[in-house]
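The structure appears below as structure tokens.
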Amino acid sequence: MYTKYRQREMKSRQSVSDVGGHEQNALVIGIRTFWQALPTEGRWLLSTVAIQTLGRGLTLPFTIIYLHEVRGFDLGLSGGLMSLIAIVGLLVTGPGGTLIDRLGARAVLLAGLAAMIAGCALLAFATDPWMAAAGLVLIGVNFGVSWPGFNALIAAVVEGDLRQQYFGVNFALVNLGIGVGGIIGGFFVDVDSPETFTVIFLADAISCLIPVVLLLGPLRNVRTHVEPTDDAPQGGTYREILRQPPVLWLTLLTFIAMFIGYGQMEAGFPAYSRQVAEVSTRVVGLAFAVNTAVIVLLQFTVLKRITGRRRTRVMWVMALVWACSWLILGGAGLVPDSVAAAIGVLAFMGVFAFGETLLQPTVPAIYNDLASDHNRGRYNAINAAAFQGGAITGPIAAGLLLDQGLDVVYIVVMVVGCLGIGVLASTLERRLSASANGVAAPEGVSTQPHAAAPTPEA
């Protein structure tokens, strides 16, 4: 399958060159080639992503508004309730990864989706904090298993460069669904009409039925778990996996990327924009729309550019792009309550989104290229845990710094963190096999990373 994909890709590039190499034609041909190379299961998975995530987009921006302004919960309590999603997700990620390897991703995902449907239904009618807490805990259970589960499912269906492209396109479609859902929800919900919030949470629950149907129907025969073989000697426990230097460095890189990236999107960025740059809430909302638009418009073009290149080098570029984005936001804080500040906030999100298109295809692809079929769930669980850890600690750090008026220190921390990602990428490159790094190994050179020799049992 992968060889055919590369042959089609080469033919497509040659035909583009013959007609003048127009970028638009190359993009169209690239999308067509990518789609044709996908197996049937991959097409099923990808074709429904935007619809699945539209339901989540309906509720994601408005859950805390619902808890505080509609149900009348104290703002501090509402924030604490919201944190249950990330906390529970982090707690169940490890056991979830193990179950994925033992039972298969399909069974675990179905259980997670059942929890999500029940959680959304409870939230739709939650009139007291305990009922809301139960709903959010169930949603957190799904969040904890869905990341490693769907990544394992994707890795079982596609491989090589096609897998990296798949992760990138999937990320763009997730953003498209959430973005469109957020726009629809913004026009529909009304804090003076609680029933509008009931409708969007029920819609979120209904959207979860789409992957349920896929898992019970077209994807019912996809296997993500096998017994260990002689050519996969590495141990399968979390301790054994994390003792491998490539995994350890990649996990640290992922945590820092999430800490200075997504961990700031729902807390640090809005707070800095409002308190320091002093822009309106409308500008903040528009900035998120810019983020979604840039990802959707650029992701496939970026994928074409990075295919066949070292993923660690791509991470270095991403680190520099993110550092520039934080400097732009810092500049917006120097001219508060002005048109320049508003432009800076919007530019930050646009540049940051470009960095996302570089990050999202590479990190999951490395994890899955390092993994074997018998421990893929645990590798993806480690990826998910690093993501969730950064998403939990990032807002805490932002709150502490900005609450003390240390806005300059906040920007410096973010920029230094970006440069730290670049240093970690260079360290990782020395320990990563060529194939896991997205390039073919030179003839006669081992494809194993320098530190890949089995470690003795503890």
Side-chain angles (χ1 to χ4, degrees), residues 86 89-90 93 143 147-148 151 164 167-168 170-172 174-175 242 245-269 291 294-295 298-299 302-303 306 309-329 348-370 379-398 401 410-429 431-432 436-438:
L90 183 60
T93 293
F143 276 30
W147 181 302
N151 278 3
Q164 176 174 289
F167 279 123
N170 183 76
F171 174 65
V174 167
N175 276 271
L242 285 170
V247 178
L248 189 60
W249 288 108
L250 180 61
T251 301
L252 180 58
L253 184 153
T254 304
F255 172 81
I256 295 177
M258 296 311 107
F259 179 89
I260 66 170
Y262 298 107
Q264 306 305 321
M265 289 303 99
E266 293 184 17
F269 163 70
N291 179 272
V294 169
I295 290 171
L298 290 186
Q299 184 67 84
V302 169
L303 286 169
I306 68 176
R309 301 183 185 275
R310 293 185 184 274
R311 291 162 179 164
T312 47
R313 308 286 174 86
V314 174
M315 289 180 195
W316 245 117
V317 176
M318 182 278 295
L320 294 175
V321 169
W322 271 10
C324 290
S325 72
W326 284 109
L327 290 173
I328 291 171
L329 186 64
F348 162 80
M349 268 300 207
V351 176
F352 184 87
F354 173 52
E356 291 181 78
T357 65
L358 297 166
L359 174 71
Q360 287 297 337
T362 52
V363 169
I366 295 176
Y367 272 107
N368 281 282
D369 283 350
L370 288 172
Y379 271 82
N380 282 293
I382 291 170
N383 180 19
F387 185 102
Q388 291 160 347
I392 292 171
T393 55
I396 295 173
L401 290 172
Y410 172 73
I411 296 296
V412 170
V413 168
M414 297 300 112
V415 173
V416 171
C418 292
L419 299 179
I421 291 174
V423 173
L424 288 171
S426 296
T427 304
L428 176 63
E429 183 172 315
R431 292 163 172 81
L432 204 58
N437 208 6

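Residues: numbered from 1 along the sequence shown. Quick note: numbers below take in every heavy atom, side chains included, and nothing from hydrogens, waters or symmetry partners.
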Would you say Asn437's side chain and Thr312's backbone share a donor-acceptor pair under 3.5 angstrom?
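Side chain of Asn437 to backbone of Thr312, a donor-acceptor pair under 3.5 Å: yes, one is there.
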Looking at Phe167, is its backbone amide N or carbonyl O close enough to the side chain of Gln360 to form a donor-acceptor pair, meaning the two atoms are under 3.5 Å apart?
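Flag not set: sc Gln360 to bb Phe167 has no pair under 3.5 Å.
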Below 4.5 Å, heavy atoms only, C-beta onward: do [X] and [Y] meet side chain to side chain?
{"X": "Glu429", "Y": "Arg313", "answer": "yes"}
{"X": "Thr93", "Y": "Trp147", "answer": "no"}
{"X": "Leu329", "Y": "Met414", "answer": "no"}
{"X": "Thr357", "Y": "Phe354", "answer": "yes"}
{"X": "Tyr367", "Y": "Thr251", "answer": "yes"}
{"X": "Phe348", "Y": "Phe269", "answer": "yes"}
{"X": "Met315", "Y": "Leu250", "answer": "yes"}

Pick from Val363, Leu370, Asp369, Asn368: which one makes a side-chain contact (heavy atoms from CB on, under 4.5 Å) with Ile366?
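Checked Val363, Leu370, Asp369, Asn368 against Ile366; only one passes side-chain contact (heavy atoms from CB on, under 4.5 Å): Leu370.
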Distance alone, cut at 3.5 Å: any donor-acceptor contact between the side chains of Asn175 and Glu356?
no
With a sphere of 6.0 Å drawn around CH2 of Trp316, does it hold more than 12 non-hydrogen atoms of other residues, nucleotides or ligands?
yes
